[in-house]
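Notes to accompany the following structure.
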Amino acid sequence: AQRVTQPEKLLSVFKGAPVELKCNYSYSGSPELFWYVQYSRQRLQLLLRHISRESIKGFTADLNKGETSFHLKKPFAQEEDSAMYYCALGGAGGGNKLTFGTGTQLKVEL
Amino acid sequence: GAVVSQHPSRVICKSGTSVKIECRSLDFQATTMFWYRQFPKQSLMLMATSNEGSKATYEQGVEKDKFLINHASLTLSTLTVTSAHPEDSSFYICSAPGQGTVEQYFGPGTRLTVT
């Protein structure tokens, strides 16, 4: 069964501090991992996906199959990063179906 | 980019009545759409996969007779909550995958309150 775990409900950091949002997954096949973000009063939107290996808004995430993790990182947090972050897992046979983690609220304080 | 809309954005209904929520892909076609439910401060729970021209696929534990899904065209899926009860009050969100991409585009959600 597919499962995504985000252990932190809330992560509070100061502006300029490094950020790491944790995500672990459980999946027997070849996983596709995503990070989605939801800013206040806005809809959910894709932040990044593991297959593209890109950096978006300074965020990166590396898929570690050995640790079954896909942690989201940013070296210097900005106030505008405050949002809800969801890790999501899709599978090759899932037909675009996603399993979401419980989400982590990131609060960047001045 | 691709846009998904939902209507209504919020609805209040009385217990025992039915409510229909629409999900539209505005500038792209979607043979598949997904319906999620989100409780306050909780994650999105996939309810069902809506398939254009065929029956929806429901996740385990979701009552298909209670949550009727119709995907009549390539740009519209509807979710009808039948005989709604207060415990059905929630935030319902739909999404659609973009064409030729793994990215899913989400609607803004519909807040349902059953009194």
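The chains referred to below are lettered A, B, ... by the order of the sequence lines, with proteins before strands, and numbering in each begins at 1.
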Original post:
Shared ILVMFWY cluster between Phe100(A) and Val62(B), side chains joined below 4.5 angstrom?
Top reply: no
Original post:
Can you hop from Val3(B) to Met33(B) via hydrophobic side chains spaced under 4.5 Å?
Top reply: no
Subject >> Structural part of Gln60(B) lying under 4.5 Å from a heavy atom of chain A >> reply: neither
Subject >> Portion of Tyr86(A) that has a non-hydrogen atom of chain B nearer than 4.5 angstrom >> reply: side chain
Original post:
Is there side-chain contact between Tyr36(A) and Gln104(B), with at least one heavy-atom pair below 4.5 Å?
Top reply: yes
Original post:
Closest heavy-atom contact between Leu98(A) and Tyr36(B)?
Top reply: CB-OH, 3.9 Å
Original post:
Taking everything shown except His85(B) itself, do over 12 heavy atoms lie less than 6.0 Å from its NE2?
Top reply: yes
Original post:
Under a single-linkage definition using a 4.5 Å side-chain heavy-atom cutoff for Ile, Leu, Val, Met, Phe, Trp and Tyr, are Leu76(B) and Val11(B) assigned to the same hydrophobic cluster?
Top reply: no
**OP:** Look only at the side chain of Ser43(B) and the backbone of Gly103(A), and say whether a donor-acceptor pair between them is shorter than 3.5 Å.
**Re:** no
Original post:
Can you name the residues of residues 75-83 of chain A that have some heavy atom under 4.5 Å away from a heavy atom in chain B?
Top reply: none
Original post:
To the nearest 0.5 Å, how far apart are OG1 in Thr99(A) and CE in Met45(B)?
Top reply: 12.0 Å
**OP:** Say whether, by atom type as modelled, one donor and one acceptor occur between the side chain of Tyr105(B) and the main chain of Leu46(A) under 3.5 angstrom.
**Re:** no
**OP:** Step through the shown structure and confirm whether more than 12 heavy atoms of other residues, nucleotides or ligands are within 6.0 Å of NZ on Lys66(B).
**Re:** yes
**OP:** Begin with the C-alpha distance, continue with both residues' side-chain angles, and end with the deciding distance and a verdict on side chain to side chain contact (heavy atoms under 4.5 Å, CB included) for Glu59(B) and Lys97(A).
**Re:** CA-CA 11 Å; Glu59(B) 295 300 303; Lys97(A) 209 161 73 165; 3.1 Å; yes
**OP:** Could you look at Leu46(B) and say if it's the side chain, the backbone, both or neither that has a heavy atom under 4.5 Å from chain A?
**Re:** side chain
Original post:
Which disulfide bond (SG atoms under 2.5 Å apart) pairs, counting each pair once, include a residue from residues 1-65 of chain A, with sequence neighbours left out?
Top reply: Cys23(A)-Cys87(A)
**OP:** Answer yes or no: is there a donor N or O on one side and an acceptor on the other, between the side chain of Arg43(A) and the main chain of Ser5(B), under 3.5 Å?
**Re:** no
Original post:
In the single-linkage hydrophobic clustering (I, L, V, M, F, W, Y; side-chain heavy atoms under 4.5 Å), do Tyr58(B) and Ile93(B) co-cluster?
Top reply: no
Subject >> Worked check of side chain to side chain contact (heavy atoms under 4.5 Å, CB included) between Gln38(A) and Phe106(B) >> reply: CA-CA 10 Å; Gln38(A) 188 170 30; Phe106(B) 284 81; over 6 Å; no
Original post:
chain A heavy atoms under 4.5 Å from Gln6(B): which part of the residue, side chain, backbone, both or neither?
Top reply: neither
Original post:
If Ile, Leu, Val, Met, Phe, Trp and Tyr residues are connected whenever their side-chain heavy atoms lie under 4.5 Å apart, and connections chain through other members, are Leu44(B) and Phe67(B) in the same group?
Top reply: no
